Enquirer: 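Got a structure here, written out as structure tokens. Questions coming.
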There are 2 protein chains.
Amino acid sequence: MSAGLTERRQAILKLVIQEFVETACPVASETLVRKYRLNVSPATVRNELAALEELGYLTHLHTSAGRVPTDAGYRFFVENLMERTTLPLAEQRTIRHQFYQVRGELDQWIQLAGAVLARTTQNASLVTPPRAAEPLRFRSMELIAIHDTMALAVLVFHGGIVKQQTVTLDAARSSEDLRRSAARLSDYLADQTLSGIEETLARPAEQQPLALTDFERGLVEMLVRAMQTFEEQSREQIHSDGLIEMLSQPEFIPSLVREDAERAVERLRRALEILKSGRGLGTLIPQVLASDGVQVIIGGENSADEMREYSVVLARYGVENAIAGVLGVIGPTRMAYPRSISTVRYISSLMSDLLAELYNVESRIPEGEALE
Amino acid sequence: MSAGLTERRQAILKLVIQEFVETACPVASETLVRKYRLNVSPATVRNELAALEELGYLTHLHTSAGRVPTDAGYRFFVENLMERTTLPLAEQRTIRHQFYQVRGELDQWIQLAGAVLARTTQNASLVTPPRAAEPLRFRSMELIAIHDTMALAVLVFHGGIVKQQTVTLDAARSSEDLRRSAARLSDYLADQTLSGIEETLARPAEQQPLALTDFERGLVEMLVRAMQTFEEQSREQIHSDGLIEMLSQPEFIPSLVREDAERAVERLRRALEILKSGRGLGTLIPQVLASDGVQVIIGGENSADEMREYSVVLARYGVENAIAGVLGVIGPTRMAYPRSISTVRYISSLMSDLLAELYNVESRIPEGEALE
DNA sequence: ATTAGCACTCTCTCGTCAAGAGTGCTAAAG
DNA sequence: CTTTAGCACTCTTGACGAGAGAGTGCTAAT
């Protein structure tokens, strides 16, 4: 019976997927013949569909409804059937322009990347802030008086990472005082990592190259705390956007998908939880960070059951050996993979370019034209 | 027939609202009698319910279903029937402790306030960053070299507001160079507002007290751009959180609310749009900024039709004559108003305390115990 | 003024039924 | 051996209706 995946079956599989992605309705044999002007009869197509089903690429919800791709079907499509597309140049231009307008602000890049991914793919987007390959390394500190008993500490780390923190002063201090303390600490702890700083502090007093005042000791504590929370946060933080875009997919509109409507809402809640907590994605991120190119995870392929109905398209971005993050889109398995993939590829290369510029490394990515 | 709002009717109205808020089901006369051990018969209650309906405080979905409060009913409850409660001390303590742990970071306060509001009220929360009453006033600038052709500008404004921005250098510059330029500009433009800076720059060259290099001129442009975008953003930005909490309300669970299920999803989409875009809230924020105490907007009372099914509980927070923002919760009109109001009141006073501390003003708010 | 009793209304839930969609199978044709 | 026409079969969907249940509104008695 099953004579393997003949050319024609592949072509039909491709059509089924295209059609299903477009319409979100199970596709019937006759629809295919009519819409794509196939030169065979519906019966022939039915035979092929049955074969594809036996091979595991399609399913039946129930006896008499059209075919729907399985995860394996999508997988085959992505691997073998899909032509590699790039985002239209006009869209690339528009996106580049938007990034140009927020040049200089990393936070804005992240936010913009999320918004653009969501808008162009009509799905939710995920962006993790770029994380340094190496642990955070202190560079210098500035103290700026806000008023008598309060100052603002600006903590600068290697790689242009800056954190600010207000500190309460035990007593009034002059600007000059603050500047001196900041300078002393900047000198004292320059280029140290968190563990280095802790080590330095742990040394017995007589081995300390510098006698710290109580005030300065307090500052160091604040610095340590800031570095800790930063490392914790950057490890986990996932920005997401485009919930609304994803929710406009028919999967979430009970009137369109002939189904319980109960389940549509349940699905929605699950989607929310995934996006908010990043649960189900936790294991994916490091995996993507360790691999090149665009990664496509279809349904529950790689992670827990809760992701069964969703696909994720992710790519790493960043600068080799320096800093890297992950960005991508998440949506129902019925996803326009070519578009998602080309968008993710483009945005990740764009973000890489921007970061490379920041890090003064010439870009290595083919699609990366200079930013304006 | 309608002998006005007698004592007993008020009591019954109160019970109806309590019951409906708790169960989300239309409340029947017999239920009231049984559950609250009223010493009258269901028939009597029915008469009173009918009167309350005629007075506009209750409605009927259809002939034979229990009563449901109208907006006017909630309004009367909030104004006259509700006892003014405060958040339990244990909860206050927990919340204070959480704020203590992120002391020194304004961004974190905002985020935490949103999370706490959402969690304790089981609704979505809204927080706008505190905005200075006066326009942004420049204080000083630091330039920190990142590498040869890139530096990080740290812009400090009055009130402890800090922005960072990377700048590309036209040519390599020494640290000393950068420091001098930053110092010159800090001196030159200190204490100026955006319009002041623009005015200063507009003066003819011979009146300029200081001849700026091209590089410095570029920095000023960057500063102006940063100040502009900051003012724009802070005018509009609304942080929201707690979507998941709100979505766990029965209104959004089609199986619980006997209703189209279609509408539950539509309602949900609307909620999302309100939260994301702040549409329907736009007019509310300035209104709340201009008034004291907790403001309750029930249903479409004050704004457009899209808010008809939602209530908002908002309060201003901040420091008199210096800085102010708005925070609160949004949820279905069937809301536990006493709890929402007391939570919003507490969080706003807490945030006010924190800001007052930052601004070195002694706190004026009664509930505001010292932070730890 | 309160309340018991009861009719009335409206929703909700099944079950049935007919229509429709699409498949799977069989047998004939190329 | 492949393709196809024809047809029975399955399953969903929507409509209709009846019966049960919930709660009210009214009336008349207390």
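Values below: every heavy atom of this structure, side chains too, minus hydrogens, waters and symmetry copies. All values derive from a computational prediction rather than experimental measurement. Below, chain A is the first sequence line, B the second, and so on; all start at residue 1.
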Enquirer: Tell me whether the OP1 or OP2 atom of dC10(C) has a side-chain N or O from H60(B) closer than 4.0 Å.
Expert: no
Enquirer: Looking only at side-chain atoms of R8(B), point me to the closest of dT24(D), dT2(C), dT3(D).
Expert: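 From the listed options, dT2(C) comes nearest.
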Enquirer: Would you mind writing out the side-chain donor-acceptor pairs for residues 22-30 of chain A within the sub-3.5 Å range, not counting sequence neighbours?
Expert:
residue : atom : partner : partner atom : Å
T23(A)  : OG1  : E19(A)  : O            : 2.9
T23(A)  : OG1  : C25(A)  : N            : 3.2
S29(A)  : OG   : R46(A)  : NH1          : 3.3

Enquirer: What pairs of nitrogen or oxygen atoms, one from the protein and one from nucleotides 7-9 of chain C, lie under 3.5 Å apart?
Expert:
residue : atom : partner : partner atom : Å
dT9(C)  : O3'  : T63(B)  : OG1          : 3.3

Enquirer: Whole angstrom is fine here: how far is it from CD in E54(A) over to C1' in dG24(C)?
Expert: 13 Å
Enquirer: Tell me: CZ of R9(B) to P of dA1(C), nearest whole Å?
Expert: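 It works out to 10 Å between those atoms.
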Enquirer: Tell me the interatomic distance from E48(A), atom CD, to dG24(C), atom C1', rounded to whole angstroms.
Expert: 15 Å
Enquirer: For E83(A) and K14(A), what are the C-alpha separation, side-chain angles and deciding distance, and is it a salt bridge (Lys or Arg N to Asp or Glu O under 4.0 Å)?
Expert: CA-CA 11 Å; E83(A) 55 266 23; K14(A) 186 174 172 184; 3.3 Å; yes
Enquirer: Between P on dT2(C) and CG on L38(B), what's the gap in Å once rounded to a whole number?
Expert: 13 Å
Enquirer: Which nucleotides of nucleotides 25-30 of chain C have their base under 4.0 Å from a protein heavy atom (B), which only their sugar-phosphate (S), and which neither (-), written as one string 5' to 3'?
Expert: ------
Enquirer: In whole Å, what is the span from the CZ atom of R67(A) to the C1' atom of dT23(C)?
Expert: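 Atom-to-atom, R67(A) to dT23(C), this comes out as 7 Å.
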Enquirer: List in chain and number order the residues that pass ring pair (Phe, Tyr, Trp, His ring centres under 6.0 Å) with Y310(B), two or more places apart in sequence or in another chain; answer none if no residue qualifies.
Expert: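 None.
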Enquirer: The side chain of L49(A) lies closest to which of these nucleotides: dT4(D), dG25(D), dT23(C)?
Expert: dT23(C)
Enquirer: Please check if the side chain of R9(A) supplies one atom and the backbone of G4(A) the other of a donor-acceptor pair under 3.5 Å.
Expert: yes
Enquirer: Are there runs of at least three consecutive Watson-Crick or G-U pairs touching DNA chain D, with each pair's two distances under 3.5 angstrom? Give them by first number.
Expert: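 Result, WC/G-U stems under 3.5 Å: C:1-30 with D:1-30.
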Enquirer: Of all residues at least two apart in sequence or in a different chain, which pass the ring pair (Phe, Tyr, Trp, His ring centres under 6.0 Å) check with F20(B)?
Expert: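 If we apply the ring pair (Phe, Tyr, Trp, His ring centres under 6.0 Å) test to F20(B), skipping adjacent residues, there are no hits.
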